[in-house]
Each structure stands twice: as structure tokens, then as C-alpha cells.
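Read through the structure below, which is laid out as C-alpha cells, and then see the notes.
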Amino acid sequence: MKVLVVNCGSSSIKYQLFNMSDESVLAKGLVERIGLEGAVLTHQPAGKDKVVITGDISNHSVGIKLVLEALADANHGVIASMKEIVAVGHRVVHGGEKFADSVLITPDVMRALEECIEMAPLHNPPNILGINACAELMPGVPQVGVFDTAFHQTMPKAAFLYGLPYEAYEKYGVRRYGFHGTSHKYVSQRAAEMMGQHMSNLRIITCHLGNGSSLAAIKYGKAIDTSMGFTPLEGLVMGTRCGEIDPAIIPFLMKKEGMSPDQMDEYLNKKSGVLGISGVSSDFRDIEDAAGEGNERAQLALDVFAYKVRKYVGGYVASMGGVDAIVFTAGLGENSIEMRDKICNGLEYLGTRIDHTKNNVRGKAQEISVDGAKVKIFVIPTNEELVIARDTKAICGSLI
Ligand code: AMP
């Protein structure tokens with residue numbers, strides 16, 4: 001059973017083709033600069049050389065068509081014909097309250113996705129474009145939506161309501177939803193496997209630390225809190241996003257700087273975070289380098305980031321009445337030895353300590369806490385595509 005996993009951004013399409021009999025990746029790739037000059041498809045068949053295809057990729061439909069052609073190409077393809085693809089799984093960013101799990105795409109689901117656009121104006125429209133393009137190019141092939149928000153739908157009201165008039169929730173769905181759910185789900189399940197335990201016995205804090213960052217508290221298999229909110233802007237200080245701030249700062253700065261709502265939105269989402277604090281970069285590698293050369297603001301950005309993560313960890317320990325495992329994942333969490341060390345420095349009161357030798361690891365699933373620690377610390381590379389492929393297989397298995 002071959003399953004295509006598609007993740008459409010505003011000008012990009014990421015894809016992976018899975019052979020679900022052994023969950024191997026047959027090919028993966030990326031279409032970039034859709035609708036722009038210099039559009040390009042980079043296609044990587046497993047075990048073969050990378051292929052770069054340039055051309056006029058005016059929209060997502062053209063992009064998906066190129067991907068399907070590349071997958072079935074006589075030279076660099078991995079399947080004889082696109083008929084071998086029996087199902088498509090799509091990453092969808094916002095499923096609102098309607099979707100607590102992955103779902104087979106139907107006309108009703110498409111209507112519900114359209115209704116969520118207001119809450120994710122940058123993300124849901126390209127996801128919808130991708131689904132429509134696949135429906136057009138692969139008629140009759142079942143498609144599944146896998147939502148970033150779904151895993152967090154088990155959060156209790158006490159965790160997801162804001163201190164706003166209740167009508168804001170009832171009328172407009174203003175509440176905390178959380179994102180990166182597929183990643184939090186995957187790494188928490190892997191941690192339980194690595195501990196040889198069932199999720200229903202464990203309290204796990206997952207730290208998805210990348211350009212966008214969020215933490216989740218997963219108590220006995222259910223997400224009970226997460227740091228992102230109504231949008232991915234809430235919570236930790238991120239690459240370019242401010243994370244939690246006093247909301248009164250927004251009208252204050254808008255008046256002081258004469259900013260429009262759109263300009264303020266850009267200020268909070270694109271100019272803030274560790275980029276805004278350091279003035280160096282949104283990329284933690286650049287910031288770590290600059291801090292190493294004595295740049296004080298770069299050091300401050302790292303300090304603020306680590307402090308905030310540690311503060312959330314402490315909060316989630318209180319929310320769950322304890323913790324059994326802490327997991328680091330995503331670009332920074334998987335790769336930055338220094339940042340993991342910095343975050344864990346001060347968690348000894350929980351009954352855990354990082355083992356500096358074990359922590360000397362990048363991008364590999366490994367326990368990094370000292371032997372015998374009461375609370376285990378792990379690095380686990382995330383694999384959102386595999387979760388999407390598995391959910392797609394589970395939902396479509398009986399239809400094919
Ligand atoms: P992601 O959003 O998960 O792709 O993560 C991207 C971020 O991970 C980049 O912006 C970097 O800041 C960070 N990152 C990746 N590799 C490293 C590394 N070796 N050291 C520190 N940070 C890294």
C-alpha cells in the first residue's frame with residue numbers, strides 16, 4: 001500500500017511517498033516558490049541521486065502534477081504509475097473544535113475546513129488548495145486530513161479558556177487550540193515505547209523546539225495542556241514570534257509607533273522572538289555562534305528562551321501532579337546540545353539530571369538523563385509525515 005503525504009504551504013509543497021508494508025520512504029521532496037520566478041521541485045528518490053526540476057509552477061495544482069510525474073518517471077521515479085498511490089494524507093493546520101482526530105475528506109469536511117480559514121488565514125487556504133489539486137489529479141483516490149490541532153482537543157476547558165467574556169468563545173471560538181499536535185503525539189508515543197511502558201501509565205512533557213516552538217503536557221495518554229493558543233503566536237519565545245506577552249502592550253505600541261493591525265501582526269509574528277531580542281537572526285545556530293563570540297543580546301535571547309521553556313516545564317509538572325519523562329524534538333530540540341543542557345540545568349529538584357556524555361547527540365532517538373534518574377529525559381526526532389501516513393492507512397485501509 002503506497003500512501004502519499006502532502007504538506008502544502010503558501011508557496012511550497014512538501015511530500016513523502018511511503019510504502020506502508022514496511023513504513024519505508026520511497027521518495028520525498030519539496031516544491032518551492034510556487035507562483036513565483038525560480039520555482040523548483042527537488043525530488044529525492046530513496047537510494048538514488050537528487051533531481052532538481054525547474055519550470056513554471058504557477059499554482060499548487062501544477063506543483064502536485066509535477067510531483068506525481070516525478071514519482072512515476074521512468075528514470076528517477078519510484079512507482080510504475082500514479083495508480084499505485086492508493087491514498088493521500090494531508091497535513092492540515094487548523095481543525096478548530098470540529099476535528100479531534102484525523103478524518104476522511106468529504107464535501108462536509110471541506111466545508112468545515114473553509115469555516116476554519118478565519119482562524120488560520122495563512123495556513124488553511126494552501127492546505128485546501130492541496131486537497132483540491134489531489135482530488136482533481138487523482139479522482140477516486142481517498143484523501144485524509146490530519147490536523148495540527150487534533151491531538152490537543154482533549155485539553156479540559158480549564159486549560160483552554162482565556163479570561164475573556166465567555167461570549168468570545170461561544171460566538172467566535174476564541175479559545176486555546178494548540179498546534180504541532182502530530183509531533184507531540186508521535187514523540188510521546190515513542191518515549192513510552194523506549195521506556196517499555198504504556199502511555200496510560202505516564203506523564204510526559206514534550207518540547208517541540210524549532211523555528212516555531214511549543215510544549216505539551218500529556219497525562220496518561222491525553223494532552224491536557226499546550227503552550228500555543230488560539231494561534232501559534234502564544235507561549236514560548238520563538239524564532240520570530242513573541243510568545244506570551246501582556247496584551248496591553250499591543251495597543252500601547254500601536255499608538256506609540258503608529259502601527260496598523262496588519263503591521264502589528266507582522267511585528268509580533270515576524271520581527272519578535274529571539275530575532276527581535278538578539279538583533280542577530282531567528283536561527284539558533286547563528287545566535288549560538290554570536291553568543292559564543294561575546295554578543296550580549298544573543299546570549300540574552302538564549303537565556304530568555306531557555307528560561308521560558310523551564311518555566312513551562314515547571315507549570316506542566318504542577319498541572320499533571322508530577323512527570324515521568326521530558327522529550328526534546330524538532331530542529332533545535334534534536335540538535336542543540338547546548339540548549340538542552342541550558343534548559344535542564346535547574347531541573348534537579350524533579351529527580352533528574354542530564355548526562356553530558358549521553359547528551360552529546362544530534363538527530364538520534366536517545367535517553368540523555370543520568371542512569372537511574374526518576375524522570376527520564378529523551379531526544380526523539382519527530383516524524384509528522386509517518387503519523388500522517390499511518391492515520392491515512394488506518395482510515396483508508398478498509399476503503400481500498
Ligand atoms: P524546525 O523549525 O524544526 O525545522 O527547526 C529549525 C530551527 O532549528 C533552526 O531555525 C535552528 O534555529 C535550529 N537548529 C537546527 N539545527 C541546529 C543545530 N545544530 N544547533 C542549533 N540549532 C539548530
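Each ligand, and each atom within it, is numbered from 1 in the order the structure gives.
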Give me the pairs of N or O atoms, one from ligand 1 and one from the protein, that sit under 3.5 Å apart.
residue, atom, partner, partner atom, Å
ligand 1, 2 (O), Asn211, N, 2.9
ligand 1, 3 (O), Gly331, N, 2.9
ligand 1, 8 (O), Leu332, N, 3.2
ligand 1, 12 (O), Asp283, OD1, 3.3
ligand 1, 12 (O), Phe284, N, 2.6

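- The other members of the hydrophobic cluster of Phe179, by chain and number, are Val93, Met228, Met238 (side-chain heavy atoms under 4.5 Å, ILVMFWY only).
- By the 6.0 Å and 45° rule, Arg175 stacks over the aromatic ring of Phe160.
- Ring-plane geometry between His43 and Tyr15 is classed as parallel, the angle between the planes falling under 30 degrees on a 0 to 90 degree scale with a further cut at 60.
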Residues 26-36, side-chain donor-acceptor partners within the protein, below 3.5 Å, at least two apart:
residue, atom, partner, partner atom, Å
Arg33, NE, Glu37, O, 2.7
Arg33, NH2, Glu37, O, 2.7

Name the atoms and distances for all side-chain donor-acceptor pairs under 3.5 Å in residues 49-59, with sequence neighbours left out.
residue, atom, partner, partner atom, Å
Asn59, OD1, Ser61, N, 3.0
Asn59, OD1, Val62, N, 2.9

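- Donor-acceptor pairing under 3.5 Å is recorded for the side chains of Asp22 and Ser24.
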